[in-house]
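Structure first, then comments.
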Amino acid sequence: MIPISDNIRCRSKPIINYWLIAINLAVFLWELQLEFSGQLGYFVNTWGMIPAQISGAVTNALFFNSAAWIVVIWRVFTLFFGIFLHGSFSQILGNLLFLWVFGKTVENILGHGRYLGFYLAAGVMTGVIQILLEPSLTVPLIGGNGAIAAILGIYVMKFPKAKIDTVLPLIILYIPIQLPAFIYIFWWFVQQFFYGIGSLNIPPVGVNQSGVVFLGQVVGLLIGAAFIRFKR
């Protein structure tokens, strides 16, 4: 199922959403250039979020060397930067498609500044949960999946019966249909199984190779639902 648009009319242009999509695309094109030059593995392992590195830096700073807080600050920055990194063509396309359809309406609800702050905060919070769930993981966890799951959580809580214009590919046929928004909660998690298609070559062990990624996205969905539920 490919979501195309919804039937919710926005009062203002979703400028922040456009910028988020543009930045994600620009960073992915940069990743492709680095892959061609053989530098992508070093780049992602330096700037992607690696739970073991962050938990190790925090432990060292708390119990052994207070000067290590400099390293902690640097590693924590990967929680932000890792949101804009992606490990495959299917991951970037799937994420940005959901961001395009659902993000513009959520930005209209929250306003430009609050939408940007929520996107970044939700991405960081899901990253922190992933670190707490598997602090010894040495594989980079990258992508805006947690932040976009949180946006989906807001959307479905606010507009559960909104109609989503959808294209259903059937081999060589493409059938246009409309589906209620809540169905995309389930489809969001199903499509994660296809995110290995078109994977980039990221040595030594790739990225996102852990079930904790799915748990982090469940947390992201709950963050979005809870935020809009208690928002005044």
Side-chain angles (χ1 to χ4, degrees), residues 20-21 23-61 68-99 119-151 188-189 191-221 223:
L20 288 174
I21 290 172
I23 292 171
N24 275 283
L25 283 174
V27 172
F28 189 73
L29 292 175
W30 187 14
E31 287 183 68
L32 292 179
Q33 181 180 357
L34 291 172
E35 183 182 27
F36 293 144
S37 63
Q39 303 176 63
L40 182 58
Y42 173 78
F43 177 77
V44 171
N45 282 274
T46 300
W47 296 106
M49 193 274 285
I50 302 177
Q53 291 184 352
I54 295 179
S55 60
V58 171
T59 300
N60 188 37
W69 283 110
I70 297 175
V71 178
V72 172
I73 294 172
W74 171 50
R75 296 312 307 174
V76 166
F77 179 73
T78 63
L79 285 167
F80 289 95
F81 196 76
I83 299 173
F84 298 96
L85 296 173
H86 291 83
S88 69
F89 284 93
S90 53
Q91 186 186 22
I92 184 73
L93 290 175
N95 280 1
L96 295 191
L97 197 55
F98 269 72
L99 190 59
Y119 183 89
L120 295 175
V124 170
M125 290 172 68
T126 54
V128 170
I129 294 298
Q130 290 170 336
I131 294 170
L132 294 175
L133 290 173
E134 201 165 344
S136 61
L137 183 67
T138 58
V139 177
L141 302 179
I142 61 175
N145 304 46
I148 298 171
I151 289 173
W188 169 256
F189 290 99
Q191 73 170 11
Q192 310 298 312
F193 292 102
F194 302 98
Y195 275 3
I197 298 175
S199 294
L200 303 181
N201 180 25
I202 305 176
V205 292
V207 295
N208 298 337
Q209 297 178 5
S210 174
V212 75
V213 174
F214 291 92
L215 294 177
Q217 292 180 57
V218 172
V219 170
L221 193 69
I223 288 172

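Throughout, numbering of the chain's residues begins at 1 and tracks the sequence.
Shown here is F80, whose CZ atom has no more than 12 heavy atoms of other residues, nucleotides or ligands within 6.0 Å.
Using the six-membered ring where Trp is involved, F43 and W30 have ring planes that are tilted, between 30° and 60° apart.
Contact check for N24 versus N95: no side-chain heavy atoms found under the 4.5 Å cut-off. Side-chain atoms of N45 and P204, non-hydrogen and from C-beta on, do get closer than 4.5 Å to each other. The closest side-chain heavy-atom distance from E31 to L85 is below 4.5 Å. Looking at heavy atoms from C-beta onward, N208 lies out of side-chain contact with N145 at the 4.5 angstrom threshold. Two residues are said to be in side-chain contact when any heavy atoms from C-beta on lie closer than 4.5 Å; I131 and M49 meet this criterion. Contact check for L32 versus F89: side-chain heavy atoms found under the 4.5 Å cut-off. Looking only at side-chain heavy atoms (C-beta outward), I50 and T78 stay at 4.5 Å or farther from each other. Counting heavy atoms from C-beta on, the side chains of T46 and W74 come closer than 4.5 Å.
The shortest non-hydrogen separation linking A122 to A147 is CB-CA, 4.1 Å. Residue Q91 comes nearest to G87 through the heavy atom pair OE1-N, 2.7 Å, listed as atom of the first residue, atom of the second, then distance. Summarising the geometry of Y119 relative to G144, their closest heavy-atom pair is OH-CA, 4.4 Å, with the distance given to 0.1 Å. Across all their heavy atoms, E134 and P51 have their closest contact at O-CB, 3.3 Å. Residues A57 and V72 come closest through the heavy atom pair O-CG2, 3.4 Å. Heavy-atom minimum distance, V139 versus G206: CG1-O, 3.6 Å.
Between the S55 side chain and the P135 main chain, a donor and an acceptor come within less than 3.5 Å of each other.
How far CG of L221 is from CD1 of I151: 11.5 Å, rounded to the nearest 0.5 Å. Taking CG of N201 as the start and CG of L34 as the end, the distance is 12.5 Å to the nearest 0.5 Å. From Q217, atom CD reaches atom CH2 of W188 across 5.5 Å, with rounding to the nearest 0.5 Å. We find the CD-CG distance between Q130 and L141 to be 5.0 Å, quoted to the nearest 0.5 Å. Rounded to the nearest 0.5 angstrom, S90 OG and L97 CG are separated by 12.5 Å.
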| field | Steps toward side chain to side chain contact (heavy atoms under 4.5 Å, CB included) verdict (L29, Q33) | value | CA-CA 6 Å; L29 292 175; Q33 181 180 357; over 6 Å; no

| request: For the pair L99 and L96, evaluate side chain to side chain contact (heavy atoms under 4.5 Å, CB included) and give the outcome as yes or no after the intermediate values. | output: CA-CA 5 Å; L99 190 59; L96 295 191; 4.2 Å; yes

| field | Full working for side chain to side chain contact (heavy atoms under 4.5 Å, CB included) between L20 and F84 | value | CA-CA 9 Å; L20 288 174; F84 298 96; 4.0 Å; yes

| task | Carefully, step by step, assess L200 and F28 under the rule side chain to side chain contact (heavy atoms under 4.5 Å, CB included). | result | CA-CA 10 Å; L200 303 181; F28 189 73; 3.8 Å; yes

